[in-house]
**Student:** 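Below you'll find the structure I mean.
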Amino acid sequence: MARQIFAVTGMTCASCVRHVERALLDAPGVTAAVVNLATGTVRVEGAATFEALALRVEDAGYGLTKVQADAPPAGDLAPARRRMVFALALTAPLLMSMLPGWPGHLPGWIQALLATPVVFGAGLGFFQRAARQALHGQVTMDALIALGSGTAWAFAVFEWQRGVHELSFETAAALVAFLLTGKFLEARAKTHATDALKAMLSLAPPTALRVEADGTVLEVPVAVLVPGDRVRVLPGQTVPADGRVGSGQAEVDEAMLTGEPLPVAKGPGDALVAGTVVHGSALEMEVRAVGAATQLARMAAMVAEAQGSRAPAQDLADRISAVFVPVILVLALATFAGWWAWGGGFAQAWRPAVTLLVIACPCALGLATPVAVMVGIGAAAKHGVLVRDATALEALGRATDLVFDKTGTLTEGQPMLRRVVVSGNRPEDELLKVAASLERDSEHPIARGLRAAFAGDLQAVEGFRVDPGGGVSGSLDGATWRLGSEVFVGASFPAVDPDGIAVGLANEQGLQGTFILGDRLRPEAPSIVAGLERQGLKLHLLTGDRREPAQLMARAAGITRVTAEVRPEGKLAHLRTMQASGAVVGFVGDGVNDAPALAQADCGIAMGSGAGGQGTGAAMAAAPLVLLRAGLEPVLTVRRLALRTRRVIKQNLGWALGYNLLLVPLAAFGQLERFGGPMLAGAAMGLSSLTVVLNALRLRR
């Protein structure tokens, strides 16, 4: 099913979100539509064409435009800044005449000359959007502002014509000026929410040094590179595309992609990722993927899509906003009628009604959740955690249990040599050299463990043979060697560790040595487990490994709840049982054989290849959260971030709802008039929206 992201114009509040979503869902072929007020975007799922979708959105009073998947978020604040400055400059003389000691009010014609361009020039957008939406039977924040400022201006003109000196032109102008100021400050603050995404997109360089067939080097735009091209990357330069090292040895800084502060050694055959920086020496690479196909572009697209996804907490705000504006209109009419009936007439009745209209605009309510989600997902990306769905981040914040896989997750997933048991008269170093040489060209995990234990030069092997499931054999310096299982080498091995693997090495004289290998607990595991338990999580180990080694690893890590010898389908059933009992379950696995459990969990966390898992591609496909940085530290980091994000969402929703519940009654009963009435309302509404944005930006720290 096609999934597309578009930019939406004309949205100003949570009510607009509902109208746009409803219009898109009415389009044939659309199965889902999720609008994000903070980013001004909509994610549409289904088979509808852009033209059909744009027509529906335009009919609803808004606009729809295409966006590039790998383009940074738009952030041109110049028009909003110009409108704000223009409005404030013309409003200032009107407000100064209200100061104590100021020599009288400005003449009515000057007040009208100053206020009219502010209300119907700088504030024209409010009236245009309100009129367009009214034609479609919609009432949004723009209608409240247009009614408020328009009423104040019209009443001022009426009073001016009657010869009254104290006019309300300054109220109409100040209302628009304060609202435009609040919207500008809010927009400027929101641009910081996408800083992480912008930083990721800016990593790729514009040009690359392409090595031609004759060996010459040309500087070409990265856009013209194709898979198969050879590219030279000099020290200090950024890798322009995904590929593999063809020649050279260097260290590569992958911090912006994985969060890992230390550079990684790279040599022939090693993978390179676009956006990383080469240090120490030049590398020559073969291009494998360019442009939107690179890991950097895919990550940026995933972060952008996740920032546009909806957290469950947003549903509350949406349900409230669906009825909020119509209710406020009714309350404003009731307030106006009540004050008129009380005997104050129009002159007194309009101000409390306008104050209520403006102060109740649900801008903060619409921004409370999406802006916190945006910042939280961006902060996670900065720390090496790719969040693909806001729901998962929210679920991790309220998780009660966290389940770990063992191999490759709690452990390093790589058998390492623990010790050598010598049976003959040959020294340990010689036995290890023979074993590593026999396994020189093998990619078997045991082979990698033996090679990693030997730091010297390997010998050439003659007559090399592989016996699947048994071992390998070959000749070194005229002697025939066999390396493998007891049956294969024809000898009994000494007792090994409960969680260990024994590999024997024998020649014509019999068994010469036994290599004891075993997986190792990640060194940071005990401290991470302790940190997660301090956060109130119940921790579990769920593995397909044998019970005894599973319990040993769990005990070493500090986990007491262990379930072993469980197949993938058994893990799935185990998680379902936990969820049926009321637990909110997170699962940490390697993203390949744990895919069913990662998908079933309320929050699946996959170890990508950078974190020691079995492959970023599989992990990204299996789980909504992917660890790109090595080790388990990002698990604790993203849990802390999830808790903070959930706390910020609650704070924002509490502030937005509390602000309205407190000030709406005060406005209705005229208690805000002594503080400026409609002018105070405009400033307070802008401040409320700015407050929730600034509160969310604290997550960047």
Side-chain angles (χ1 to χ4, degrees), residues 298-299 302-303 305-307 309-312 373 376-377 380-381 383-411 413 528-529 532 535 537-544 559 561 563 566-629 631-643 645-646:
R298 293 198 305 272
M299 285 175 55
M302 287 180 181
V303 171
E305 183 174 336
Q307 288 183 329
S309 61
R310 189 201 310 272
V373 168
I377 291 172
H383 288 90
V385 181
L386 181 62
V387 181
R388 299 174 62 221
D389 191 344
T391 303
L393 189 64
E394 197 269 351
L396 183 60
R398 57 186 176 86
T400 59
D401 295 71
L402 189 61
V403 181
F404 285 92
D405 173 48
K406 184 177 80 71
T407 305
T409 302
L410 204 59
T411 70
I528 299 301
V529 165
L532 291 169
Q535 293 177 357
L537 284 171
K538 299 175 184 176
L539 301 185
H540 307 254
L541 180 63
L542 188 61
T543 178
I559 297 176
R561 303 171 185 88
T563 305
V566 183
R567 296 179 61 83
E569 58 270 23
K571 292 183 179 181
L572 190 64
H574 190 86
L575 294 187
R576 286 174 176 168
T577 300
M578 292 176 66
Q579 290 168 326
S581 67
V584 179
V585 183
F587 183 85
V588 188
D590 62 18
V592 181
N593 61 337
D594 291 318
L598 288 166
Q600 176 63 36
D602 296 285
C603 176
I605 306 174
M607 307 282 287
S609 60
Q614 297 184 29
T616 301
M620 285 182 176
L625 272 67
V626 182
L627 308 184
L628 302 176
R629 184 175 176 179
L632 292 171
E633 183 68 36
V635 176
L636 186 58
T637 300
V638 74
R639 164 68 175 178
R640 287 172 177 159
L641 183 60
L643 289 171
T645 301
R646 188 162 181 257

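The first residue of the sequence shown is numbered 1, and numbering continues consecutively from there.
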**Student:** Sequence neighbours excluded, which residues qualify as side-chain hydrogen bond (donor to acceptor under 3.5 Å, both in side chains) partners of Arg646?
**Tutor:** none
**Student:** Answer yes or no: is there an ion pair linking Arg398 with Glu394, defined by an N-O contact shorter than 4.0 Å?
**Tutor:** yes
**Student:** Are the side chain of Thr400 and the backbone N or O of Val584 linked by a donor-acceptor pair below 3.5 Å?
**Tutor:** yes
**Student:** Verify, without hydrogens or angle tests, whether Ser581 (side chain) and Met578 (backbone) share a donor-acceptor contact under 3.5 angstrom.
**Tutor:** yes
**Student:** Quick one: does Leu396's side chain get under 4.5 Å of Leu625's, heavy atoms only?
**Tutor:** yes
**Student:** On a heavy-atom basis, which atom in Ala395 and which in Asp602 lie closest, and how many Å separate them?
**Tutor:** CB-O, 3.5 Å
**Student:** Taking Asp401 as the fixed residue, which of Gln579, Arg561, Lys538, His540 is the one that meets the side chain to side chain donor-acceptor pair (under 3.5 Å) rule?
**Tutor:** His540
**Student:** So do Val588 and Val403 actually touch side chain to side chain, heavy atoms under 4.5 Å?
**Tutor:** no
**Student:** Taking only residues two or more places apart in sequence or in another chain, which ones pass side chain to side chain contact (heavy atoms under 4.5 Å, CB included) with Leu572?
**Tutor:** Arg576, Pro596, Gln600
**Student:** Could I get the full list of side chain to side chain contact (heavy atoms under 4.5 Å, CB included) partners for Val566, not counting sequence neighbours?
**Tutor:** Leu542, Thr563, Lys571
**Student:** Rounded to the nearest 0.5 Å, how far apart are CG of Leu541 and CZ of Phe404?
**Tutor:** 9.5 Å
**Student:** Can you spot which of Ile528, Thr637, Leu627 makes a side chain to side chain contact (heavy atoms under 4.5 Å, CB included) with Leu632?
**Tutor:** Ile528
**Student:** Below 4.5 Å, heavy atoms only, C-beta onward: do Leu636 and Leu532 meet side chain to side chain?
**Tutor:** yes
**Student:** Atom CG of Leu410 and atom CG of Asp405: how far apart are they, to the nearest 0.5 Å?
**Tutor:** 8.5 Å
**Student:** Hey, is the main chain of Gln535 close enough, under 3.5 Å, to the side chain of Arg639 for a donor-acceptor pair?
**Tutor:** yes
**Student:** So do Ile377 and Leu393 actually touch side chain to side chain, heavy atoms under 4.5 Å?
**Tutor:** yes
**Student:** Which pair of non-hydrogen atoms, one from Ala380 and one from Val387, has the smallest distance, and what is that distance?
**Tutor:** CB-CG2, 3.7 Å
